[in-house]
Colleague: 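Quick one: structure below, then a few questions.
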Amino acid sequence: MSASFNPADDIEAALKAAAPAAGPNPSDFTPEVRTAGPAHGDFQANGVLAWARREKLQPRALAEKLVAALPPRIRDAYEVSIGGPGFINFTAQPPVLLEWLLAFPSRAALATGAAGTGRHGTSIVDYSAPNTAKQMHVGHLRSAVIGEALCRLMAFGGETVIRDNHLGDWGTGFGKLIFAYKRWVDPVALAAGPIEELERLYKLAVAATPDGSAELEEARRELVRLQAGDPENVALWRNFTEISLREFDRIYGKLGIRFDHTLGESFYNDKVAAVYRALTEAGIAVESEGALVVFHPEHPRFKTQPFIIRKSDGAANYASTDLATILHRVAHFHANRIYYVVDKRQADHFEQLFLTAKKWFAKAGLPLPVLAHVDFGSVLGENGKPLKTREGENVRLKDLLDEATERAYALVSGKNPDLPETERREIAAVVGVGSVQYADLAQNRSSDYLFAWDKMISLDGNTAAYLLYAVARIHSIFRRNNLDPSGPDAGPQAGAPETAGELALARKLVKFGDALRQATDALRPHFLCLYLYELTGEFSGFYTADKVLVDDPAVRARRLLLCARTLLVLETGLNLLGLRTLTRM
RNA sequence: GCACCCAUAGCUCAAUUGGAUAGAGCGCCUGACUACGGAUCAGGAGGUUGGGGGUUCAACUCCCUCUGGGUGUACCA
């Protein structure tokens with residue numbers, strides 16, 4: 001009998017199986033097993049209360065019958081008790097903790113365990129999606145960081161994940177940019193800093209094309225030429241995209257992001273006409289004020305607030321392309337689920353998009369994938385307003401990551417000046433970028449979050465540096481003695497945990513699966529962050545109380561095992577969040 | 001105007017989606033180091049969860065209402 005990756009699943013199944021022997025209508029009983037706080041054991045089953053109420057029975061009496069019907073396997077593995085009005089508490093006994101530690105000795109073993117309990121099918125994650133011809137700024141941070149973490153979590157849980165970067169690479173702005181490029185491009189500047197030169201040109205273009213001007217008319221003609229396939233303009237536009245992607249890839253490299261596809265809005269340019277036709281023929285879209293729009297009469301707001309899928313000038317907008325994108329993702333990628341990791345201010349758009357897609361697909365007899373807007377709040381400065389530079393400009397992502405790295409470098413150099421320069425640089429990159437990622441992920445994504453350098457790079461509290469430090473310390477233990485944490489040095493000869501520190505650490509380790517499930521099901525990485533932070537806290541307590549490298553071989557073996565598994569879970573967890581880890585810092 | 005989101009310790013945030021005595025970090029107070037990396041650990045003080053009603057075995061969580069913030073709301077994405 002091998003250990004369950006998530007022991008809660010094992011307990012859940014056992015309770016379900018025992019239910020017929022305990023009370024009436026057991027098929028209605030859901031055990032509701034959750035992790036419990038230390039005062040109430042490791043796992044608690046709450047479902048008896050609802051069951052007893054439904055059957056008008058005494059909850060505690062029903063709980064007692066249920067416990068009595070549990071198989072010996074569970075009763076041996078856990079100390080089982082009934083608490084409060086009828087909660088069943090399960091405290092993992094040392095042998096079952098040891099069993100788990102031995103059953104999951106590697107990342108591959110953890111992945112196999114996680115995949116056994118996760119969702120399957122194909123999920124497309126639409127994240128990052130910056131506009132081309134501009135640099136990424138702080139407003140692009142959260143989508144990229146959260147999106148990547150979710151991709152890794154879902155893939156670890158066994159889903160087939162497709163990462164799609166839905167670039168903003170099409171639209172009226174490109175007519176203006178071509179207009180300015182043809183007049184004012186500076187080839188030297190373009191070679192030296194291509195994206196900066198495009199930004200400069202775009203600003204010139206905006207200033208030079210006020211409403212009603214002849215220049216604006218000319219810019220529009222450039223756009224028409226581009227859309228008609230004029231070779232010169234198409235070549236310019238392609239070059240803009242290439243320049244932008246090169247720039248984006250530098251950022252993605254730092255954040256550990258690699259897309260499977262980069263199908264921007266332009267990709268759907270020739271696919272929107274079919275959408276207009278389908279929605280019009282289905283009677284879903286109607287003409288209004290010259291535009292093609294969708295109203296939703298059953299909705300309190302969208303019965304009057306239109307979803308504009310074709311502008312009155314005939315051009316597409318992001319409603320058109322987003323609809324075409326859903327069709328393509330279903331027809332071409334066979335997506336079961338599509339996640340949009342996008343700012344919560346676009347909630348209206350996605351609500352309208354999903355309503356429209358639902359009606360359209362129903363009419364067309366197409367399978368509708370699960371569509372979810374994975375929203376997140378804004379990044380605020382310390383004044384509580386959206387984060388800007390002193391000059392009122394958006395903070396460039398490149399500058400932000402560079403500053404994080406510089407701050408981490410100063411810190412590392414202060415703490416550990418003897419390390420070689422190159423290693424300190426490498427550590428600074430991992431700690432600096434990781435701190436930015438972790439600060440973003442550690443908070444519930446739905447709320448706005450306050451960007452504060454000092455808290456972010458701090459070594460105290462729920463921060464990347466605190467977790468990375470624990471990882472480095474564990475590596476140090478093994479390195480000191482020429483031991484391999486991933487090999488048999490921490491393995492089968494170890495006994496079950498005994499001391500309070502060992503037990504607390506082991507009991508936290510076996511809840512890794514539950515933390516992954518929570519984070520993945522809710523699409524909220526902060527659940528995993530919180531778990532890793534608490535695990536690190538347990539480790540630090542254990543490490544202070546219980547010396548690992550003692551002479552007694554039995555004590556030493558079981559403590560090395562705990563260190564090795566803590567290291568494995570921390571490194572695996574941090575990696576699933578998109579962070580890199582270190583062996584020294 | 002209408003709609004949605006938010007309000008938890010002095011500050012920044014949690015609370016497994018209705019579960020047990022609402023938890024952390026910072027700051028404040030008290031302890032532990034010639035150290036398996038102190039970038040650490042152990043402990044203390046700090047709360048009528050914005051106010052008021054309601055639903056039930058159980059409410060920070062759900063419903064109503066009030067107050068104070070934020071966001072969105074016809075052709076940008």
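Predicted model only: the values in this text are computed from it and were never measured. Throughout, protein chains are lettered first and strands after them, A, B, ... in sequence-line order, and every chain is numbered starting at 1. Quick note: numbers below take in every heavy atom, side chains included, and nothing from hydrogens, waters or symmetry partners.
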Colleague: Students often mix this up, so state it plainly: with edges at 30° and 60°, are the rings of A/Phe174 and A/Phe240 parallel, tilted or perpendicular?
Modeller: parallel
Colleague: Does the ring centre of A/Tyr268 sit less than 6.0 Å away from the ring centre of A/His166?
Modeller: yes
Colleague: Strictly below 4.0 Å: does A/Ser476 bring a side-chain N or O up to OP1 or OP2 of B/C36?
Modeller: no
Colleague: Which one, B/G19, B/A14, B/C41, comes nearest to the side chain of A/Gln443?
Modeller: B/A14
Colleague: What's the closest nucleotide to the side chain of A/His526 if the choices are B/G19, B/A15, B/G37?
Modeller: B/A15
Colleague: Got a salt bridge between A/Arg558 and A/Asp552, using NZ or NE/NH1/NH2 to carboxylate O under 4.0 Å?
Modeller: no
Colleague: If you measure from the P atom in B/U16 to the same atom in B/C62, how many Å do you get, rounded?
Modeller: 11 Å
Colleague: Quickly work out the A/Arg301 CZ to B/A74 C1' distance and round it to whole Å.
Modeller: 14 Å
Colleague: Would you kindly compare A/Ala129 and A/Lys344 by the position of their nearest RNA chain B nucleotide and give the one closer to the 5′ end?
Modeller: A/Lys344
Colleague: Does A/His40 make a side-chain N or O approach to OP1 or OP2 of B/U21 shorter than 4.0 Å?
Modeller: no
Colleague: Would you mind pulling out the nucleotide paired to B/G27, Watson-Crick or G-U wobble, both distances under 3.5 Å?
Modeller: none
Colleague: Say we look at B/U65 and B/U71: how far apart would their P atoms be, to the nearest angstrom?
Modeller: 24 Å
Colleague: So which one's nearest nucleotide on RNA chain B is more toward 5', A/Ala442 or A/Glu32?
Modeller: A/Ala442
Colleague: Is it the case that the side chains of A/Thr325 and A/Asp322 hold a donor-acceptor pair, with the cut-off being a distance below 3.5 Å and no angle test?
Modeller: no
Colleague: Within the structure shown, what part of the strands sits under 4.0 Å from A/Asn481 by heavy-atom distance: base, sugar-phosphate, or nothing?
Modeller: nothing
Colleague: Report yes if at least one side-chain N or O of A/Ser447 is closer than 4.0 Å to OP1 or OP2 of B/G70; otherwise report no.
Modeller: no
Colleague: May I ask you to evaluate whether A/Arg480 reaches the phosphate of B/G37, defined as a side-chain N or O under 4.0 Å from OP1 or OP2?
Modeller: yes
Colleague: CG of A/Asp343 versus P of B/G72: gap in Å, rounded?
Modeller: 9 Å
Colleague: Taking atom types as modelled, find out whether A/Asn416 and A/Arg424 have a side-chain donor-acceptor pair closer than 3.5 angstrom.
Modeller: no
Colleague: How many whole angstroms separate atom CH2 of A/Trp51 from atom C1' of B/G18?
Modeller: 20 Å
Colleague: Nearest whole Å is fine: how far is B/U40 P from A/Leu468 CG?
Modeller: 13 Å
Colleague: Separation of A/Asp454 atom CG from B/G27 atom P, in whole Å?
Modeller: 11 Å
Colleague: What distance do A/His373 atom NE2 and A/Gln346 atom CD have between them, rounded to the nearest 0.5 Å?
Modeller: 6.5 Å
Colleague: Kindly label the base of B/U17 as syn or anti, based on whether its glycosidic torsion lies within 90° of 0.
Modeller: syn
Colleague: Report the distance from atom OH of A/Tyr466 to atom P of B/G38, rounded to the nearest whole Å.
Modeller: 12 Å
Colleague: Which nucleotide sits closest to the side chain of A/Phe295: B/A74, B/C36, B/G19?
Modeller: B/A74
Colleague: So, is A/Lys311 near the phosphate of B/C76, with a side-chain N or O under 4.0 Å from OP1 or OP2?
Modeller: yes
Colleague: Can you tell me, in whole Å, how much space there is between the C1' of B/U17 and that of B/A32?
Modeller: 41 Å
Colleague: Could you give the CG-to-P distance, from A/Leu49 to B/G19, as a whole number of Å?
Modeller: 11 Å
Colleague: Quick one about A/Asp546 and A/Thr499 (side-chain donor to acceptor, distance below 3.5 Å, no hydrogens or angles considered), yes or no?
Modeller: yes
Colleague: Does a side-chain N or O of A/Lys455 approach OP1 or OP2 of B/C26 to a distance below 4.0 Å, or not?
Modeller: no
Colleague: Could you give the distance separating B/C4 and B/C63 at their P atoms, to the nearest angstrom?
Modeller: 11 Å
Colleague: For a quick test of reading the model: is some side-chain N or O of A/Arg517 closer than 4.0 Å to OP1 or OP2 of B/U16?
Modeller: no
Colleague: Indicate whether OP1 or OP2 belonging to B/G38 is found under 4.0 Å from a side-chain N or O atom of A/Arg473.
Modeller: yes
Colleague: So what does A/His349 hit on the nucleic acid, given a heavy-atom distance under 4.0 Å: a base, only sugar-phosphate, or nothing?
Modeller: nothing
Colleague: Tell me whether A/Tyr543 is stacked on the nucleobase of B/C36, counting only the six-membered base ring and applying the 5.5 Å and 30° thresholds.
Modeller: yes
Colleague: Just call it for A/Val342: base, sugar-phosphate, or nothing, with non-hydrogen atoms closer than 4.0 Å on any strand.
Modeller: nothing
Colleague: Let me know the distance between OH of A/Tyr449 and P of B/A14, rounded to the nearest Å.
Modeller: 12 Å
